[in-house]
Each structure stands twice: as C-alpha cells, then as structure tokens.
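Read through the structure below, which is laid out as structure tokens, and then see the notes.
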Amino acid sequence: MIESAAGSLDPTLDLFSEIDRLRKDMNAVILAHFYQEPDIQDIADIIGDSLALSQRAAQTEADVIVFAGVHFMAETAKILNPDKQVLLPDLEAGCSLADGCPPDEFASFLADYPDHKVVSYINCSAETKAMSDVICTSSNAVKIVDSFPADQPLVFAPDQYLGDWVARSLDRPMVLWPGSCEVHEMFNEKKLVELKITHPDARVTAHPECPEAVLQHADHVGSTSSILAFARQSDARQIIVVTEPGIIHQMQKENPDKEFIPAPGNDETCNCNECPYMRMNTLEKLYLCMRDRTPEIIVDSALAEAALTPITRMLELSR
Ligand code: 13P
Ligand code: SF4
C-alpha cells in the first residue's frame, strides 16, 4: 500500500484511468523521458529525449506540465513556462551531472577562462544555465559547439565525457568541467567486450555520456532518440544497448522481431545499470502528484529569466 501525505492509496484504484481522468480535469500534459518505467512511458502524452521534451514543453498549451523525468528537466520546463504549474512526481529525482556542478564552484572555475564562451549540457541546474552562453543536449551538442567560430575558445560543462566526444567529433579541443553521469560511467568495458564475443552478429549502440573506453566498442553513438533511430534502421537482429535500459521498452515496441541486450554495469550482483534518479518516479507517485498538485517546481523569477536566454538560444539553433 502506498503512503502519501493524504493517507493510504486504495490498492483497487485503477491508476491508469485515474491519471487519465486527472489529466483531462487539470488540462495537463504528461511528458516522460525514455528512461522512465514502462507504465509511465505508456501513459504519457509525449515521450522523448531531453531536446524533444524541452521543445514540446516550450510549445504546450496545457495549463499543467507533469514531468516524468528528473529535476533539471522539470526545471527547464518551468523556466520555459513561468506561468504554468510544473509537477515532478518525486522532488528527489536529481542527476549526478547537475549535482556535480555546484554553482559557486562553477563560477570560480569560469573566472579562470574569461575569454571563453560557455556551452552547458541541459543536465545542469538553473544557476549553471544562467552562467552559460548556450545550452545543448546530446542530440544537438555537436551542432551547437560547431555554431561558434573555430577560433572561439569554449568551456563545456558539466559532462566531461559528452564534451570529450564532441571535441573528438569536431577535432576541436574544449575546456571540460570534470563532471560525469554516474550511470553511464559505470558501463564495464571488459564485460561489454565479452558480450560482443558471445554475440558476434550483434551491433552496439551507446550514449555519448559513456567514457571513450566504452564508446570505442560501439557501432553507433548518439542521444536516446538517435539510439531509437539506429535500432529501427539497423539490419542487425541483436543490438547491445549501452545506455539506461528503460529505453529498451520503446526499442522493443518499435522492433518486436529484434533482440535488445542491455550492457552490464559494474554491479557484480546484477546485470542492470538503471538510473536511480529516473527510477524514483513510479505510477503511484505520478498519480499522487497530479491528485495533490505537489511536488511543484518553483524557480526564482530573476534566475529563470537569466537561464531562459541560453535555453532559447539552443531552441533557435535546433530548428
Ligand atoms: P537524452 O535523452 O537527451 O539523450 O539524455 C539522456 C539523459 O541522460 C537524460 O538524463
Ligand atoms: Fe543524470 Fe545519468 Fe540519470 Fe541521466 S542517466 S538523469 S545523466 S544520472
């Protein structure tokens, strides 16, 4: 039985129809990331990668945005929609990249690079965004970095591995903030190579938040939407997936005749490598946050205004 501030949840409650009813009553849109649990992906109005979700958040006419994702995603939606209510099923659903770039430390880091422009991955706080010239996601990072003149020195934050992958793709060195995704940096290179040996016909798709040692074994590297496109287009019958395994739900739905094999992390007790923050959201918490209209994302208006400029720049450059 689920406990909430309002008491216990009736176990006979049909959460799918209750969420559907609330969505209509509230004129809400439910946005979900591909790493959410299957039930949440299935009930969402829109599922997507970070770029698609921020684009859809910028366009929505709903009164309430329910964000089934992590805090920085819901915060970005709020910055884009200061007059709408934005709900997140679990306020603790953070991100190691955002948490690993404290604004005061980032400000003193940037003080050493006064001539640099700052490109920040969307996986960061509103404060970090406000110190940036432009935001990017893994879908558009190469394009955004390439939009600066070749002689413009750049700082890339907070994901050193994504920054490193972009720098190698463009042959363009950048100053990298030393942050990482605690999920993607856990993929085990040795186990991945072993998996390739036991599945010689499989192709490997990986997210650029992984370190280069892992990416070098991939046939394809890209954002979650690019990973889904690769799965659709590849002739391979077996695909090894080097990102959060929540995405396999969509891969399997779109390609029922293909086999998707999650790449192992470093945990010796299981072959799983789930994002603990993404997995904090459950169908029950989604229902409760809509029923009780809390937890709600609140962003200071001056901070939101400062963070909006680099987000808007990203959306314009991504058209
Ligand atoms: P994308 O869905 O934009 O590829 O991002 C992955 C991610 O880690 C989101 O937290
Ligand atoms: Fe953050 Fe990594 Fe989880 Fe994405 S998968 S939310 S980058 S910790």
Side-chain angles (χ1 to χ4, degrees), residues 31-37 40-41 44 46-57 67-77 88-101 119-125 128-129 135-144 156-166 177-187 205-211 214-215 218 220-231 241-251 262-263 265-267 272-281 311 314-315 318:
L31 305 180
H33 189 263
F34 293 125
Y35 295 163
Q36 293 292 284
E37 63 170 48
I40 294 181
Q41 292 190 40
I46 295 155
I47 44 173
D49 68 1
S50 307
L51 177 63
L53 292 174
S54 56
Q55 286 169 328
R56 298 303 287 264
F67 217 118
V70 290
H71 188 277
F72 75 81
M73 296 179 169
E75 188 176 62
T76 303
L88 179 67
D90 191 325
L91 219 45
E92 297 297 310
C95 170
S96 68
L97 280 165
D99 296 345
C101 188
V119 181
S120 290
Y121 190 29
I122 197 165
N123 299 37
C124 66
S125 65
T128 296
K129 288 184 175 77
I135 302 306
C136 71
T137 74
S138 50
S139 278
N140 59 19
V142 169
K143 186 177 176 184
I144 299 275
F156 189 95
D159 189 346
Q160 60 181 308
Y161 298 123
L162 175 65
D164 188 41
W165 176 70
V166 173
W177 171 268
S180 56
C181 162
E182 68 178 50
V183 179
H184 287 86
E185 75 173 349
M186 285 288 281
F187 285 108
T205 179
H207 196 280
E209 289 175 7
C210 298
V214 166
L215 294 183
H220 165 264
V221 177
S223 65
T224 50
S225 55
S226 170
I227 284 173
L228 276 161
F230 176 79
V241 183
V242 196
T243 192
E244 216 276 0
I247 196 171
I248 291 177
H249 180 59
Q250 290 305 319
M251 296 175 103
N266 277 330
D267 189 337
C272 57
N273 198 17
E274 294 179 349
C275 172
Y277 310 106
M278 286 282 181
R279 301 301 174 127
M280 281 180 183
N281 295 328
I311 297 171
M314 171 188 79
L315 294 174
S318 305

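In each ligand, atom 1 is the first atom listed, and ligand 1 is the first ligand listed. Positions are given from 1, in the same order as the sequence printed here.
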Closer than 4.0 angstrom: is that true for some heavy atom of [X] and an atom of ligand 1?
{"X": "Phe34", "answer": "no"}
{"X": "Glu244", "answer": "no"}
{"X": "Ser138", "answer": "yes"}

Legend entry - N/O separation below 3.5 Å, Ser50 to ligand 1: yes
Inset, instruction - Could you tell me whether some N/O pair between Asp49 and ligand 1 is separated by less than 3.5 angstrom? - result: no
Verify the distance criterion only: is there a donor paired with an acceptor across the side chains of [X] and [Y] at less than 3.5 Å?
{"X": "Ser223", "Y": "His207", "value": "no"}
{"X": "Glu274", "Y": "Tyr35", "value": "no"}
{"X": "Thr128", "Y": "Ser125", "value": "yes"}
{"X": "Ser225", "Y": "Asp49", "value": "yes"}
{"X": "Ser50", "Y": "Thr137", "value": "no"}

Using a 4.0 Å cut-off to any heavy atom of [X], which atoms of ligand 1 qualify?
{"X": "Met278", "result": "10 (O)"}
{"X": "Met73", "result": "9 (C), 10 (O)"}
{"X": "His33", "result": "1 (P), 2 (O), 5 (O), 6 (C), 9 (C)"}
{"X": "Ser223", "result": "4 (O)"}

Could you find the nearest protein heavy atom to [atom] and give me its residue, atom name and distance?
{"atom": "atom 8 (O) of ligand 1", "result": "Glu209 OE2, 3.0 Å"}
{"atom": "atom 10 (O) of ligand 1", "result": "Asn123 ND2, 3.4 Å"}
{"atom": "atom 2 (Fe) of ligand 2", "result": "Cys181 SG, 2.3 Å"}
{"atom": "atom 1 (Fe) of ligand 2", "result": "Cys95 SG, 2.4 Å"}
{"atom": "atom 3 (Fe) of ligand 2", "result": "Cys275 SG, 2.4 Å"}
{"atom": "atom 6 (C) of ligand 1", "result": "His207 NE2, 3.4 Å"}

Inset, instruction - For residues Ala263 and Phe187, report the shortest heavy-atom separation together with the two atoms involved. - result: O-CE2, 3.3 Å
Which of the ligand 2 atoms, numbered from 1, are nearer than 4.0 Å to a heavy atom of [X]:
{"X": "Ser96", "value": "8 (S)"}
{"X": "Leu97", "value": "7 (S)"}
{"X": "Asn123", "value": "7 (S)"}

Inset, instruction - Check Ile144, Asp159, Ile311, Ile135 against Ser120 for a side chain to side chain contact (heavy atoms under 4.5 Å, CB included) and give me the one that passes. - result: Ile135
Legend entry - Backbone of Gly100 reached by a side-chain donor or acceptor of Trp177 within 3.5 Å: yes
Inset, instruction - Could you tell me whether the side chain of Asp99 and the main chain of Gly94 form a donor-acceptor pair under 3.5 Å? - result: no
Inset, instruction - Please state whether Glu209 comes within less than 4.0 angstrom of ligand 2, counting heavy atoms only. - result: yes
Inset, instruction - Show your reasoning for whether side chain to side chain contact (heavy atoms under 4.5 Å, CB included) applies to Trp165 and Val142. - result: CA-CA 9 Å; Trp165 176 70; Val142 169; 4.0 Å; yes
Inset, instruction - Give a yes or no on whether a salt bridge exists between Glu244 and Arg279, defined as a side-chain N under 4.0 angstrom from a carboxylate O. - result: yes
Inset, instruction - Have a look at ligand 1 and work out which part of Thr243, if any, has a heavy atom under 4.0 Å from it: side chain, backbone, both or neither. - result: neither
Legend entry - Step-by-step side chain to side chain contact (heavy atoms under 4.5 Å, CB included) determination, Ser54 to Met314: CA-CA 10 Å; Ser54 56; Met314 171 188 79; 3.8 Å; yes
